[in-house]
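Hydrogens, waters and symmetry mates are skipped; everything else that's a heavy atom, side chains included, is used. Indexing begins at 1, ligand by ligand and atom by atom, following the structure's order.
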Amino acid sequence: MRRELKIFSGSSHPELAKAICEYNEIPLGASEIIKFSNENIMVRLLENVRGSDVFVVQTSCPPVNEGIMEMLIMIDALRYASAERITAVIPYFPYARSDKKDKPRISITARLMADLLQTAGAHRVLTMDLHSPQIQGFFHVPIDQLIAAPLICDYFRNKDLSNAVLVAGDVGESKSIGRYANRLNLPIAIIDKRRDGDDEKARAVHLIGEVQGKDALIIDDEIASGGTLLEAAQFLKRYGVKSVSAAAVHPVLSGRAVERLHQIELDELVVTNTIPLGGKQSQYDKFKVLSVAPLLGDAIMRIHNGDSVSKLFR
Ligand code: R5P
């Protein structure tokens with residue numbers, strides 16, 4: 001007998017979970033999440049999951065640490081309720097930037113996240129555009145990483161790109177920008193960005209490539225404090241670009257990010273809904289938000305049916 005597919009949502013991004021369910025034409029799993037006055041969390045599944053193939057959608061957004069606990073508790077509840085297979089669907093992976101020991105006496109917290117998910121009972125993980133792909137190696141269970149490049153490129157294909165150049169805001173992004181350059185058949189430029197500490201102050205020091213008189217399209221995996229984007233845009237203006245637009249997969253938009261966006265003369269800022277924008281969308285009118293719900297929905301169906309997920313990379 002085929003296992004029944006069920007999708008449950010944590011409280012981080014219920015709109016995305018509902019959109020995935022609508023796309024796959026299945027109802028969202030019923031659950032309740034209670035937070036007690038002592039801040040303990042209780043998750044109760046309100047339907048039978050015995051023997052089911054269950055997907056739990058929880059992204060990383062404020063309150064980040066509470067969202068992690070909630071996801072772990074939900075996975076544990078599913079395990080004790082005899083779900084046959086549990087997949088954690090994490091559109092934006094928590095602590096993804098803590099992926100290495102680049103200072104003495106610090107934690108590799110992204111690996112700790114992997115340990116916690118597996119200990120809670122996750123049999124698989126489905127995520128998107130990891131800050132660094134080696135995070136996949138922190139897991140001993142299968143992990144599928146989707147990429148938003150096809151979705152973002154489809155959007156830009158409908159624009160005039162005859163004078164465009166893709167710009168990597170830092171050397172780290174220079175590898176992933178190839179996904180965009182190949183799909184859009186565009187030249188690239190790379191900014192040599194340095195950070196002097198953990199103060200969110202990015203400093204552009206060199207530029208590799210031709211940008212003068214061009215329409216620059218900055219590509220990044222995420223916009224967190226907005227420091228990298230602000231510095232890159234200002235740097236490109238000094239090099240005589242005609243216009244600047246930007247695209248980033250994960251709109252983290254922490255701290256003073258929206259304030260920083262207002263300091264940049266961007267033509268357009270394309271992001272996806274891996275993280276809810278909430279009120280920030282009304283504070284900045286240049287956001288164009290692309291939905292990853294169909295992509296995640298397709299991946300969930302493929303995992304459920306045992307089909308190839310790499311087909312989705314087109
Ligand atoms: C850096 O390695 C990433 O690709 C992003 O550029 C960075 O995470 C963005 O952070 P922020 O917006 O805080 O500068």
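Annotation for ligand 1: atoms under 4.0 Å from non-hydrogen atoms of Glu222 are 5 (C), 8 (O), 9 (C). Close approach to Asp220 involves these atoms of ligand 1, each under 4.0 Å from a residue heavy atom: 3 (C), 4 (O), 5 (C), 6 (O). Per-residue contacts place Asp170 under 4.0 angstrom from the following atoms of ligand 1 (heavy atoms of the residue considered): 1 (C), 2 (O), 3 (C), 4 (O), 6 (O). For ligand 1, the atoms closer than 4.0 angstrom to any heavy atom of Lys193 are 1 (C), 6 (O). Annotation for ligand 1: atoms under 4.0 Å from non-hydrogen atoms of Gly227 are 12 (O), 14 (O).
By the criterion of a heavy-atom distance under 4.0 Å, both the backbone and the side chain of Thr228 are placed next to ligand 1. At a 4.0 Å heavy-atom cut-off, ligand 1 does not touch Val252 at all.
Annotation: Leu229 places no N or O atom under 3.5 Å from an N or O atom of ligand 1; distance criterion only. Any N or O atom pair closer than 3.5 Å counts here, and Ala224 shares at least one such pair with ligand 1.
A distance below 6.0 Å separates the ring centres of Tyr284 and His262.
Asp215 and Ser243 share a donor-acceptor pair across their side chains, judged by distance under 3.5 Å alone. Using a 3.5 Å distance cut-off with no hydrogens or angles, the side chains of Lys193 and Thr228 do pair a donor with an acceptor.
Using a 4.0 angstrom heavy-atom cutoff, His131 counts as in contact with ligand 1. Put simply, part of Gly226 is less than 4.0 Å from ligand 1, judged by heavy atoms.
Selection from Asp221, Val249, Ile191 by nearest heavy atom to atom 3 (C) of ligand 1 gives Asp221.
Partner of Leu16 under the side-chain contact (heavy atoms from CB on, under 4.5 Å) criterion, out of Val89, Thr59, Leu296: Leu296 alone. None of Asp53, Val56, Ile26 except one satisfies the side-chain contact (heavy atoms from CB on, under 4.5 Å) rule with Ile7; the exception is Ile26.
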- side-chain contact (heavy atoms from CB on, under 4.5 Å) assessment of Asp99 paired with Gln134: CA-CA 8 Å; Asp99 59 353; Gln134 64 266 26; 4.1 Å; yes
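Taking the six-membered ring where tryptophan is involved, the planes of Phe139 and Phe93 are perpendicular, since the angle between them exceeds 60° and thus also 30°.
Under the 4.0 Å criterion applied to side-chain N and carboxylate O atoms, Arg302 and Asp298 are not assigned as salt-bridge partners.
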